[in-house]
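Naming convention: chains lettered A, B, ... in sequence-line order (proteins, then strands); numbering from 1 in each chain.
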Amino acid sequence: MPLYHTDDQAMLADTVRTFMAEQGGIKSQLRHWRDTECPDGFGHGLWRQFAELGLNGILVPEADGGLGMGHVEAGIVLAEIGRNLTPSPFLTTAVMGATALAAASDELKGRWLPGVLDGNAVLAVAIDEGTKHDPQRIALKAERAGKGFRLSGTKSCVIHGASADCLIVAARTSGDDRDADGMTLLAVPKDVAGVRHDRIRLVDSAMASHVTFDNVELDGSAVIGAVDGGREVLNRIVAAGRVGVSSELVGVASGAFGITTAYLQTRKQFDRLIGEFQALQHRAAHLYSEIEIAHAAAYKAQQLLDAGSPDAELMVSVAKAKASSAANLAVREGVQMHGGVGMTDEFDIGLYMKRERALTEFMGDGNYHAGRVAELSGY
Amino acid sequence: MPLYHTDDQAMLADTVRTFMAEQGGIKSQLRHWRDTECPDGFGHGLWRQFAELGLNGILVPEADGGLGMGHVEAGIVLAEIGRNLTPSPFLTTAVMGATALAAASDELKGRWLPGVLDGNAVLAVAIDEGTKHDPQRIALKAERAGKGFRLSGTKSCVIHGASADCLIVAARTSGDDRDADGMTLLAVPKDVAGVRHDRIRLVDSAMASHVTFDNVELDGSAVIGAVDGGREVLNRIVAAGRVGVSSELVGVASGAFGITTAYLQTRKQFDRLIGEFQALQHRAAHLYSEIEIAHAAAYKAQQLLDAGSPDAELMVSVAKAKASSAANLAVREGVQMHGGVGMTDEFDIGLYMKRERALTEFMGDGNYHAGRVAELSGY
Amino acid sequence: MSELDAFRHEIRSWLEENCPAEMRRPVTSESDACWGGRNYTFQSEAQRQWMERCAARGFTVPMWPTEYGGAGLSAEQAKVLREEMARINARSPLSSFGIWMLGPALLHFGTHEQKLHYLQPIARGEIRWCQGYSEPGSGSDLVSLQTFGEDRGDHWVVNGQKIWTSYADKADWIFCLVRTDKANKYQGISFLLFDMASEGVTTRPIRLISGASPFCETFFDNVKVPKDQIVGEVNRGWDVAKYLLGHEREMISATGGGERATSLGAELTRQGIELDPVLRAQVALYDVDALAFAAMSEKFSDEARSGRAHPAQPNMMKYAGTELNKRKHELTMMAGGTAALEWESEASGGGARSRGWLRTKANSIEGGTSEIMLNVIAKRILDLPGA
Amino acid sequence: MSELDAFRHEIRSWLEENCPAEMRRPVTSESDACWGGRNYTFQSEAQRQWMERCAARGFTVPMWPTEYGGAGLSAEQAKVLREEMARINARSPLSSFGIWMLGPALLHFGTHEQKLHYLQPIARGEIRWCQGYSEPGSGSDLVSLQTFGEDRGDHWVVNGQKIWTSYADKADWIFCLVRTDKANKYQGISFLLFDMASEGVTTRPIRLISGASPFCETFFDNVKVPKDQIVGEVNRGWDVAKYLLGHEREMISATGGGERATSLGAELTRQGIELDPVLRAQVALYDVDALAFAAMSEKFSDEARSGRAHPAQPNMMKYAGTELNKRKHELTMMAGGTAALEWESEASGGGARSRGWLRTKANSIEGGTSEIMLNVIAKRILDLPGA
């Protein structure tokens, strides 16, 4: 398959770009929810508009009421989310959550998919328990209790955790913390007793929560996939999250680069547009090249994932690492090239810097994924 | 002690710089010995001139007929060797060899020091046995045999190995390959039976040899320091070598930078001196900064070493790592800024690139020393 | 006993007697320092006492002449004072742009009357100053500044806008670069002093990406400035500014050098952070650069003190030091993972790590951007053409 | 069976019958390839046979028209031929600057007579060409070239010097940029063709830092060039050169993309090299960039083939690809340690690793420096002012 959009994909991209420029802009979304100290950190109105456009079902099979598209298409949406810094539960709900639900029982699907599809529900995924991404380590205990389970433990920095109607939780049902087996995915509804959220606002104004599970009782229908056999589904969720956030990072990089080159084309110092200075031109040209390459890597990873290729895992890590480093360069150059005003909250470039940092951390930073590339390549 | 030269050191620096510019230049030394395919790779005449200036005894105590100076002064000489790319046995003989002999018996000193001081002898140091620097691993066996030892094993890429009148060899007399103890330093004269040199010319035209020891018989007087207790002396030799090669690398960097900025000031393209292009100016200014910092690091490490400070080991690794990276940047920028002619053998910048590579590898590359910094800092 | 030893003895006793116990602890933030000024609220009685006792002895500005409020100490004596204060962890009695910036300018360019008039209140912490240099259109290209002082005979009428005026909202007076000749770029700027309480002066604090900041925007709407409130000659204020810029860069680079270099990897390990192998490598490579730069700082400081440093070398120090600091904070954020992302939580000290990280991004902009530093190195040290 | 399938069938049989077994092994060096020309010594009878058989079918230049020595294949057919040749590892029958560079220029700018006259000998490997562009004073700034052709009515007399003329010492003819109007920079250059055996032509090989090279310096001392030996109009040779430069960069960037991206770390491990932890991290970060660039190459190639690529994108590909390749070789040298330093030994294959490493340093210089690529990106893609 060639690495450029089909006509359908190009049309989707146009639609989403126009819609997001109109509705998802920094002022009307990010700044608005930040400055009003919204406890969700995002707007439910926009989330329902996403649903009206069908975007929430982009990865949901047509049979289940979705659009039945793939990661390439999800990436198109996420790139625009990134470009506009739009706070949105799209990634955790429509990408990672939907990937989890695809493996769930009809009962669970019936309970949660309608809300996802109509924009009335939000999902969040609780995997990591430490400060660095490490899905190989799942310690939160789910002991058998009657026909169900009793959960005890913590999950750290769950994005949209307290806003989510349902948490997809990776729990240890047998074996040791780092065992691949013995891990079970559970759908934990918001209102169940014993779940405590400590809300935290992150640097990019997104809301996350540290979640404590204190003898939380769930019945057996909460299980997604097989008991002790959640790893494969978790891998799919994780891959979807990683490649999705890669596209979002590419969007962040492009957005930051766009306002930076615009600034270079208008700001004057020493009687010249600063974009005339060759040192800045070369750095901008290098940055362009990095963003283009990151974009290609994310695109390729999405194609491989959609095709079910065995090379997908490696390429997903390449994409996440490359998108992180390109976006990091884009925001660092962006702030520096803006000079003093780039340091002010009044300008948007600093917001890109904050978002880049959070997204780079989310689902494994560049170093984590470089390490994965080494391991998967056998060194 | 302030980090600038005393009057005596400044005078030494002047003398050496003038002498080396006149006698040690690229054309008369490096190119000459390279193009005549000299099997030593350096000139004995210049080596004797070094002796006449007293430089060979720079680290030898006055009581033993030397100048009794320190690593700061040796660094002054090595920086000029680096700047002129002079092929010279100074580092292996007058720095590392002399450090070894300082711990040797009067008998060994009597045998080898006069030749070192009058420029009629060359020493080489044989430590590493693999392709990467690793003095913690000494496998070459020295078994007790009568009153002496029998050596079997190999040493890899010994600089000036086949030219040396005496090899200082680190040998395993007890314990396992990676034990700190059980290592003994031995002085192995050139003419002893069973030593084979496979000569190799290196990328920078220096000559090295892979040395095979096939039941080489030595008597007990060959031991430097204590049997099984050579580690401390080896550490001193290694530190002297590392900080010495750091200064040489700073010299290489300065030399490469000097001819590169001169080129920027004379080469025209697009009707402008290429040194007017801001992108090149900024890269040159950054490079300047890196070289200055590397210089300061080497200087500081030498002071600490001369003062016997416990911080010296850490700073020596910092110096070697920083000098390697600064010199590497200097030669890469140098060739690129020279453009096509930089790729030709006719111009000197490529010779700097070759020497940098060899010196960076010698006594541990930047990565090795960054790793040492981490270990010494407890992480 | 040598004269200097006697002096040390005297200082030691004086400090023992006069430095309150509360003032023998390090300052933890800018607001913890003593800034003085007309409207200043002392954090404690001890803070007030310490400032006033020092001022009475001239120790807020030890090397200034006594007639201007200093102690008239020699360089050696001043060093003894610093050493003795450091020995007991005594705080600086007074933080002040008047001491750091305006004072040196007045001492160098001011008339005797001006020195008598302005320096004493600075030394005593009675008048707090701010600096009016940058403008929205004039950052790196400072000399293009537009704030205009119209000549009205015995006074100027100043109109315009400044930006990045630290503590403009708290300062009593401002020293300010004002264009007094529109035809002449460099020789058309004057260095004016005026009261921030003058009619027509307003200020607005600037919110940074890292949060609240001491920086302000400052607006001048027909502000009247008497003709004698000028340092140096009319239209020659750029000379004063250049003098102070050099002074400032030297100060910034010297500050960097003062700290003892420590290993970032060791510090993170002490914090209980386990480093991913790739991050460990990056931290190790950073530590190499940071420890090497510490040697450079020591060398630069030794050379500067003995008059051996190239006059443009502070530009190199600022460039390398600030870029290094930004890199350090990037690595610290990576090491901290999601914990370092917290922005307001108590556990994160109100987002200390993330705010600190963002704040470092200004290092390579304020006091001359990295790009300007590289330009200066290319021109003044490397002698590259047309730089 | 579709027409294309029939064609594939035909090609497969023809190859089976005509491609000698020795020609079904990869070319291992430039001298192992078949270059043709008046004085060419074939490496083997098989090499001669393979070239001649291909030439007879037009397969040395499959897409050229048959009247000019090609096979007149469509793009799809040519792709089938490539695929079938790749299937049996068949070598390219003829390596030639005539095919790669001059041919496209003649096909685009030449007269019918010129095409008939020059293209057939190129296709048959009878005349070997070299390219005379760069001069010692005109590298990146190619248009400043000084080699001058003086108009003498029915011929020019050419004087000057070229550099970087690959295989000038082995070539039969040269296509050469010559100034024919000193008053007009861009529109004062002509694209001339002449015999290297002409009186007044001398060549001298260039020794590189990596050792012997195919590059030469070429000197013209009153070389007579008849007026009909020009491609395009007089003084409009720059149009031809620009056309070919674009062609060349595209070819270079396409070459990079063709290779399947492999992991450097995996390759080093296969060679039995143990990586130091810091080097492992650097290799892993390199592999991320290299694998990402492989995706970019695929994307660029897909876009270019479907006419979607920005016309200046080859500049980006060349920049990123060559910088990456240099980095790869730096890492390979580090991984190899002292073994990689060997320059002449048998064990090192005559210093293959170190010579290969040094050779990569030219990647970011030849065919347009990285600096020029960045300039072009800034101007043509980013639309930055005054670039």
Side-chain angles (χ1 to χ4, degrees), chain B residues 37 128 130-134 156-159 198-206 208 210 267-272 274 277 279-280 283 321 328 331-332 335-347 349-351 353-354 357-358 360-362 364-371 373-374, chain D residues 134 136-144 163-164 185 206-213 215 217 273-282 326 330 333-348 351 353-355 357-359 361-362 364-366 369-372 374-375 378:
Chain B
E37 296 185 17
D128 290 319
T131 57
K132 296 298 286 186
H133 179 57
D134 186 5
S156 146
C157 200
V158 178
I159 308 290
D198 293 317
R199 282 176 192 259
I200 40 170
R201 190 173 292 278
L202 303 183
V203 63
D204 67 337
S205 295
H210 297 313
R267 167 79 173 174
K268 277 194 168 186
Q269 289 284 275
F270 305 105
D271 296 326
R272 292 163 68 186
I274 60 173
F277 288 100
L280 298 191
R283 281 157 53 186
N328 182 258
V331 298
R332 285 189 290 117
V335 168
Q336 180 69 23
M337 290 184 183
H338 272 77
V341 297
M343 284 300 297
T344 66
D345 187 65
E346 204 174 321
F347 277 66
I349 188 68
L351 301 174
M353 178 170 271
K354 295 173 181 189
R357 180 86 272 286
T360 285
E361 201 57 48
F362 188 54
D365 67 9
N367 291 334
Y368 173 86
H369 286 291
V373 167
Chain D
S134 295
S138 307
S140 288
D141 184 15
L142 183 55
V143 79
S144 69
I163 196 170
W164 306 120
K185 196 168 180 181
I206 295 173
R207 190 173 168 201
L208 290 186
I209 58 177
S210 47
S213 87
F215 296 115
E217 290 179 286
I273 291 174
E274 235 180 284
L275 298 173
D276 165 282
V278 181
L279 182 57
R280 175 182 176 273
Q282 290 172 335
K326 289 195 297 179
E330 286 282 329
M333 288 299 284
M334 289 185 214
T338 51
L341 299 178
E342 302 193 9
W343 186 244
E344 285 165 342
S345 64
E346 212 171 303
S348 68
R353 215 162 359 176
S354 48
R355 289 171 195 269
W357 158 69
L358 287 164
R359 184 60 184 79
K361 299 305 179 188
S364 52
I365 298 170
E366 59 202 351
T369 63
S370 282
E371 288 77 14
I372 295 290
L374 293 171
N375 283 346

Undergrad: Side chain, backbone, both or neither: which part of B/S156 has an atom under 4.5 Å from a heavy atom of chain D?
TA: side chain
Undergrad: Shorter than 4.5 Å, heavy atoms on both sides: which option in D/I209, D/V278, D/I365 has the most such pairs with chain B?
TA: D/I209
Undergrad: Before accepting this row, confirm whether a basic side-chain N of the pair B/R357/D/E330 lies closer than 4.0 Å to the acidic partner's carboxylate O.
TA: no
Undergrad: If we define contacts as heavy-atom pairs under 4.5 Å, which of D/E274, D/E344, D/Q282, D/M334 has the most with chain B?
TA: D/M334
Undergrad: Mind checking whether B/V203 and D/W343 have side chains closer than 4.5 Å, heavy atoms only?
TA: yes
Undergrad: Between B/H338 and chain D, with a heavy-atom cut-off of 4.5 Å, which part of the residue counts as in contact: side chain, backbone, both or neither?
TA: neither
Undergrad: Could you pull out all residues at least two apart from B/F277 that satisfy ring-ring contact (aromatic ring centres under 6.0 Å, His included)?
TA: none
Undergrad: Quick check for you: among D/A281, D/S348, D/P277, D/S140, which has the greatest number of heavy-atom pairs under 4.5 Å with chain B?
TA: D/S140
Undergrad: Side chain from CB out, backbone as N, CA, C, O: work out which of these in D/S370 comes under 4.5 Å of a heavy atom of chain B, or both, or neither.
TA: both
Undergrad: By a 4.5 Å heavy-atom criterion (distance strictly below it), what part of D/L341 contacts chain B: side chain, backbone, both, or neither?
TA: both
Undergrad: Can you tell which of D/S364, D/S354, D/G351 has the highest number of heavy-atom pairs within less than 4.5 Å of chain B?
TA: D/S364
Undergrad: Name the option with the most non-hydrogen atom pairs under 4.5 Å to chain B; the candidates are D/R359, D/E342, D/K185.
TA: D/E342
